[in-house]
Amino acid sequence: MKKIIKVFLLIGTFLLITSMLVLAMSWSHRETKVNRAIYNSKVTPTILVPGSSASQDRFDYLIKQLNTGSNKHGLIKVVVDKKGDVSIHGKYYADDLAPYFVIAFENNRDGYENIKKQAYWLDKAMLILQEHYRFRQFQAIGHSNGGLIWTRYLEKYYQAQSLQLSVLMTIGTPYNFSELSVHNRTKMLDDFIKNRKHLPSDLTVYSVIGTETYDNDGIVPEQSVEAGKFIFQKQVAHYTQITVTGDDAQHSDLVQNRQIINMIEQNVLPQNHGDWHKR
Amino acid sequence: MRRVIKVVQQNMYKVLPFVIFLTFITLMQRLFIQPDGFFPTILNYCNFVSKYNTINMVVNLFITLGYKLVVVFIITLSLMSELREKLSHDHLNILVAISILIAWNLVSIPMNINWLILPLYLGTIILPLRKVKFKWRFLLGIAINSGYAIYILVVQKFYHFNLTIFFQQNVNGLIGDGSKNSVYTILLESVSTVANLLGVNSLPALNGQDINLTTANNNLVATLQHHVTPYKFTMYPISSFLLVGGTGMLLALFIALILQGQLKQMSLKLYFVGILLIFDLWWPLAFMFPILWRLDVLKRAVIVTITNGIIGSLLLCLHLKPAIYWVPTGMPNLFFGGLASHQLGAYSIILITLLIIDVIIYWPLAHQLTTEIKHEKNN
């Protein structure tokens, strides 16, 4: 009986180790191939996240304006549902070096707890996009709560070894929600300030404030957007606040504002990634 | 104290079947059930495992309780055998009962078990009791246990202080991001070997590849981008030569013991211990053979570590590809280097050679251990 057990143990161990070796070799080569493609990739997408109550179509006008002339790039829309499942739509061309990805959430409600969930889903979506489209460097734009989602993502989930964010632009982002004074800090702002050391130190951040009246864009108070300086200043490489007034300076219209579109073209989009598509 | 250590080792052998069983459960958990385990990672069912994490939690609980029971058994058996003639029957029973309670609370999760607690705790009870008169022994035993109880209640429960975690953080602080040259790496691994064989087993800072994650990542990124590997002599690459069967290349010691004459009479226990050693789970070996808390074992293990470290470093200087790529958790260290460098053939030859050298280094020690065991069996 003992002899049978010994033989069984030896054969079982041999089979287990052999199967582990074969599977591990295949896995390792596969992972290396994917990672090699990612780390040598020249693709630098611009990834946009809309605000609360906005859908994946929020940036259609903006991207249409950016995609004029000879400077056209593909647009991929990603929707993350409440279970965390990701669906991807749109056209992507293999030799497009600067596509646009829009990541929206089925649960696009306001509130700090929702922003935490959305940041978690953003992380999931980023990993899937990276594996699918094999990129490492990217630029980010967040409108309204989208900027909060990016901030939480950078502090909690972002890993500089596998991704490199060079520029973040937040547009009308209420870092202190609707508080008028920075002395009344919300829990979210407190957390952002507490975890600011996790922000990448080589990042360039642009924070755009819209003003329809003298102190808000119709929804978000100016002081709330300005509270971003307590998070980013002296932590990232460059932090610039810009105030935009005049036409399309209302909160929801900011993404159509001509000045903001020009700023995105000059400061956010990668240079020298012109027309990939010879028409 | 030697007497106490001997008693502990004898009683460790008595609980060996249970330890083998627990270690097998640990191995199965590591391979199949843990969310970052081998098969969940390779076969991509991590999400499924995370969803049913209750199973993993139940297995964890079972293993935790199991190892706590192991500690309690050893302490009970040791106290009963050593104090039987030193205390009255009732006093002995009371003291053992209190000791069980203390030991149960002193030991937490298996990852944080330091087997040094066994001779330390037993030494602090048995040795003083031997030195005092009969009428004071029971009270002294109670007093010593009261000291432990105060530590548990005040320090552990009230202040939530965990000595192991405090130790880990401070050692991590000293080591920082780990070593960047071969001398420091071999030194750290030698310290890890000594710590493990002295029973200080819960310091992940000293145990293998994890400490050097930043430099390991930098190596990986450089390789993926076809650049020169910046940190060849850090723990991740060097550990492929040092950790087969656990720190100190204990698989080589096991092979030496088998060859010393156990081959014809390999018991079933030896098979189990050997299989677990291949997967770098060395605790059953320490329970089967008296290898903990011995200077002769420490000396040989350090020599093996240094020898392998030097040979490995020389080979890396001679353009052997270092271990760079990630390998799933649970893969035996025997194959780690080959998989992590994508040079399984070369590393297989190197590791077989290193094992032969290590068996030769461990040979006199294995002979001594086998002689001691035969002598004890005859007695």
Side-chain angles (χ1 to χ4, degrees), chain A residues 1-43 80 83-86 120-121 123-124 127-128 130-131 134-137 158-164 198 200-201, chain B residues 20 24 27-28 30-32 37-44 47 50-51 213-227 265-279 323-332 334-336 338-345 348:
Chain A
M1 178 66 183
K2 274 189 182 172
K3 206 172 177 182
I4 296 171
I5 296 173
K6 287 177 188 175
V7 168
F8 175 74
L9 278 173
L10 283 174
I11 293 173
T13 307
F14 175 75
L15 287 173
L16 177 65
I17 289 176
T18 310
S19 63
M20 283 173 73
L21 263 176
V22 168
L23 288 171
M25 275 167 64
S26 152
W27 177 85
S28 181
H29 283 284
R30 204 171 53 238
E31 287 294 303
T32 305
K33 198 175 163 192
V34 169
N35 282 324
R36 194 164 274 139
I38 288 170
Y39 280 87
N40 290 301
S41 173
K42 292 185 171 56
V43 176
V80 187
K83 285 185 217 164
D85 294 327
V86 172
Y120 169 71
W121 289 324
D123 180 49
K124 283 191 83 171
L127 290 172
I128 289 172
Q130 186 181 42
E131 198 175 335
R134 314 278 168 97
F135 64 91
R136 193 162 168 236
Q137 293 176 327
Y158 174 75
Q159 297 212 8
Q161 275 104 8
S162 52
L163 283 165
Q164 276 182 347
H198 299 295
S201 56
Chain B
I20 288 175
F24 253 99
L27 176 64
M28 291 299 117
R30 210 182 267 190
L31 292 180
F32 296 101
F38 183 87
F39 285 103
T41 305
I42 297 278
L43 300 176
N44 208 18
N47 289 338
S50 299
K51 225 173 170 180
L213 274 182
T214 307
T215 47
N217 270 327
N218 290 343
N219 281 346
L220 178 61
V221 171
T223 305
L224 290 171
Q225 293 179 329
H226 305 292
H227 297 154
Q265 47 193 333
M266 266 188 78
S267 63
L268 200 53
K269 282 184 213 163
L270 273 171
Y271 274 80
F272 282 115
V273 169
I275 289 168
L276 290 167
L277 260 179
I278 289 172
F279 287 94
I324 298 281
Y325 303 105
W326 291 123
V327 172
T329 310
M331 193 71 213
L334 194 55
F335 307 107
F336 164 75
L339 284 170
S341 63
H342 290 183
Q343 288 202 309
L344 196 58
S348 300

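Convention: sequence-line order gives letters A, B, ...; per-chain numbering from 1.
- Residues B:Leu339 and A:Leu21 are in side-chain contact: their nearest non-hydrogen atoms beyond the backbone lie under 4.5 Å apart.
- Interface residue A:Thr13: only side-chain heavy atoms are found under 4.5 Å from chain B.
- Within a 6.0 Å sphere centred on CD of B:Gln225, other residues, nucleotides and ligands contribute more than 12 heavy atoms.
- Here the side chains of A:Met20 and B:Phe39 are in contact, with some heavy-atom distance below 4.5 Å.
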Check: Can you check side-chain contact (heavy atoms from CB on, under 4.5 Å) on A:Asn35 and B:Tyr325, steps first, answer last?
Finding: CA-CA 10 Å; A:Asn35 282 324; B:Tyr325 303 105; over 6 Å; no
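- Put simply, the side chain of A:Ile38 does not reach to within 4.5 Å of the side chain of B:Leu224, judged on heavy atoms.
- Surrounding OH of A:Tyr39 are more than 12 heavy atoms belonging to other residues, nucleotides or ligands, all under 6.0 Å away.
- For the set A:Lys3, A:Glu31, A:His29, the entry with the most heavy-atom pairs within less than 4.5 Å of chain B is A:His29.
- For the atom pair CH2 of A:Trp27 and CG of B:Leu43, the computed distance is 11.5 Å after rounding to the nearest 0.5 Å.
- Looking at residues two or more places apart in sequence or on another chain, you find no ring pair (Phe, Tyr, Trp, His ring centres under 6.0 Å) involving A:Phe8.
- Side-chain atoms of B:Leu31 and A:Leu16, non-hydrogen and from C-beta on, do get closer than 4.5 Å to each other.
- The environment of A:Arg134 atom CZ is dense: over 12 non-hydrogen atoms of other residues, nucleotides or ligands sit within 6.0 angstrom.
- Of all non-hydrogen atoms in A:Ser28 and B:Trp326, the two that sit nearest each other are OG-O, 4.4 Å.
- For B:Leu334, no part lies near chain A; criterion is any non-hydrogen pair under 4.5 Å.
- Listed options A:Ser19, A:Ser26, A:Ala24, A:Ser162 were ranked by heavy-atom pairs under 4.5 angstrom with chain B; first place goes to A:Ala24.
- At a threshold of 4.5 Å between non-hydrogen side-chain atoms, the residues A:Arg136 and B:Val221 count as touching.
- In this structure, A:Asn40 and B:His226 have side chains that are in contact, with non-hydrogen atoms separated by less than 4.5 Å.
- Residues B:Tyr271 and A:Ile5 have side chains not in contact (no heavy-atom distance under 4.5 Å, counting atoms from C-beta outward).
- For the pair B:Phe335/A:Ile17, a side-chain contact is recorded, criterion being any heavy-atom separation below 4.5 Å from C-beta on.
- In this structure, CD in A:Gln159 is found 8.0 Å from CG in B:Asn217, a value given to the nearest 0.5 Å.
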